[in-house]
There are 2 protein chains.
Amino acid sequence: MDARIDVDDMGRRTATDACTEPCAIERGMRIIGGKWTGSILWHVKDGPVRFNDLARMIGGASKKMITERLRQLEDQGLVRREVRDTAPITVVYEITDFGRTALGFLDELRQWSESLPKRLSSDTRQS
Amino acid sequence: MDARIDVDDMGRRTATDACTEPCAIERGMRIIGGKWTGSILWHVKDGPVRFNDLARMIGGASKKMITERLRQLEDQGLVRREVRDTAPITVVYEITDFGRTALGFLDELRQWSESLPKRLSSDTRQS
DNA sequence: CAGAATCCAACCGGATACTG
DNA sequence: CAGTATCCGGTTGGATTCTG
């Protein structure tokens, strides 16, 4: 638990102590919630994918972003990078076993997202 | 499906078509993946919470952020705002039924996040 | 092919002060 | 209490160009 939570006599929940650190949800989001991060992990889950193909799959993200996020995912051990000595060289990315532990969450998110009216996704205005 | 994916004779997956729109995972993240958004939704899931209590629970987020994110969640129908005519007035926030549909993957995220070595969460450098 | 480097405008978000 | 308003430095991330 992050904070001590009480319920007052009106049935409201009150905090008598604050989270000193971001809670688990927030910490998780910082890892997997970055722009494009989830998508990238998702698209390397079924086998090795080459850099440019990945970039095309993600479509909308610049190569700069793809690279940045991939490095992060690599540093965190969620994705593995492999250079193949062809000509010209090819580089493939693949999810690690550790990365797979995040797929449950991502798949639930995907399902949830697909069940949504498209309106919510792109544009939030309603007035 | 967002793109047509093929598998070449080397076993690599290639994209012959690009996502024109962000894929479902990305769209979902845009809704629930914003800074503090997940945390906020999570903390209003068990009943009405007053604004300042919420701010204390989230600890680390400024009131400005809390307000902004709450408005977004409201606009999207994930959270309901209720003004109570006390003196001084109190305002409580509570998750909606629609908001509850997001709790499944948020809980998975939480579990995943809690299973992580703390090192990953805060700091990613390793050299 | 798979990036790295550079530039830079736009946005984000914390701090602070103020309000009904 | 529950915000709003303003300031403003830092980060983000797209566009573009270059490289081995």
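Lettering of chains follows the sequences in order, A, B, ..., and the numbering in each one begins at 1.
- Side chain of B/Phe51, nearest nucleotide from D/dG3, D/dG14, D/dC1: D/dG3.
- Remark: B/Glu94 pairs with no residue by the side-chain hydrogen bond (donor to acceptor under 3.5 Å, both in side chains) rule, at least two apart or across chains.
- Annotation: side chain to side chain contact (heavy atoms under 4.5 Å, CB included) contacts of B/Ile89 (sequence neighbours excluded): B/Val83, B/Asp85, B/Val91.
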Compile the donor-acceptor pairs under 3.5 Å between side chains in residues 60-69 of chain B and protein atoms, sequence neighbours left out, one pair per line.
unit_1  : atom_1 : unit_2  : atom_2 : d
B/Ser62 : OG     : B/Met65 : N      : 3.3
B/Thr67 : OG1    : B/Lys63 : O      : 2.8
B/Arg69 : NH1    : B/Lys35 : O      : 2.9

(request) Apply the test side chain to side chain contact (heavy atoms under 4.5 Å, CB included) to residues A/Leu116 and B/Ile31: give CA-CA distance (whole Å), side-chain angles for both, the deciding distance (0.1 Å), then the verdict. (result) CA-CA 11 Å; A/Leu116 261 39; B/Ile31 297 178; 3.5 Å; yes
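- To the nearest angstrom, C1' of C/dA2 lies 6 Å from NZ of A/Lys63.
- Taking atom CD1 on A/Ile40 and atom P on C/dG3, their separation rounds to 12 Å, with Å as the unit.
- Summary of the strand contacts: B/Arg69 and A/Leu70 both lie near DNA chain C, and taking for each the nucleotide with the nearest heavy atom, the more 5' one is attributed to A/Leu70.
- Using a 4.5 Å cut-off on side-chain heavy atoms (C-beta onward), A/Leu54 and A/Val44 make contact.
- Distance from the side chain of A/Thr90 is smallest for C/dC1 among the nucleotides C/dC1, D/dG13, C/dA4.
- Between the CG atom of B/Asp53 and the C1' atom of D/dC1 there is a distance of 11 Å, given to the nearest Å.
- A straight line from CD1 of A/Ile58 to P of C/dG3 spans 14 Å, rounded to a whole angstrom.
- Here the C1' atom of nucleotide C/dA15 and the CD atom of B/Glu68 are 14 Å apart, to the nearest Å.
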Please produce a list of atom pairs where a protein N or O lies less than 3.5 Å from an N or O of nucleotides 15-20 of chain D.
none

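- Atom pair B/Arg30:CZ and D/dT12:C1' shows a separation of 13 Å (rounding to whole Å applied).
- Rounded to whole Å, atom C1' of C/dC12 lies 13 Å from atom CH2 of B/Trp36.
- Each of D/dG3, C/dC1, C/dG13 was ranked by its minimum atom distance to the side chain of B/Arg71; first place goes to D/dG3.
- Evaluation of the side-chain hydrogen bond (donor to acceptor under 3.5 Å, both in side chains) rule for B/Trp112 yields A/Thr101 as partners, not counting sequence neighbours.
- Between A/Arg56 and C/dA2 there is no side-chain polar atom (N or O) within less than 4.0 angstrom of OP1 or OP2.
- Between A/Ile66 atom CD1 and C/dA5 atom P the separation is 18 Å, expressed in whole Å.
- Ranking C/dG14, C/dC1, D/dA2 by closeness to the B/Lys35 side chain, first place goes to C/dG14.
- Of all nucleotides listed (D/dA2, D/dG14, C/dG13), D/dG14 comes nearest to the side chain of A/Met65.
- Residues satisfying the side-chain hydrogen bond (donor to acceptor under 3.5 Å, both in side chains) test with B/Arg71, not counting sequence neighbours, are B/Tyr93.
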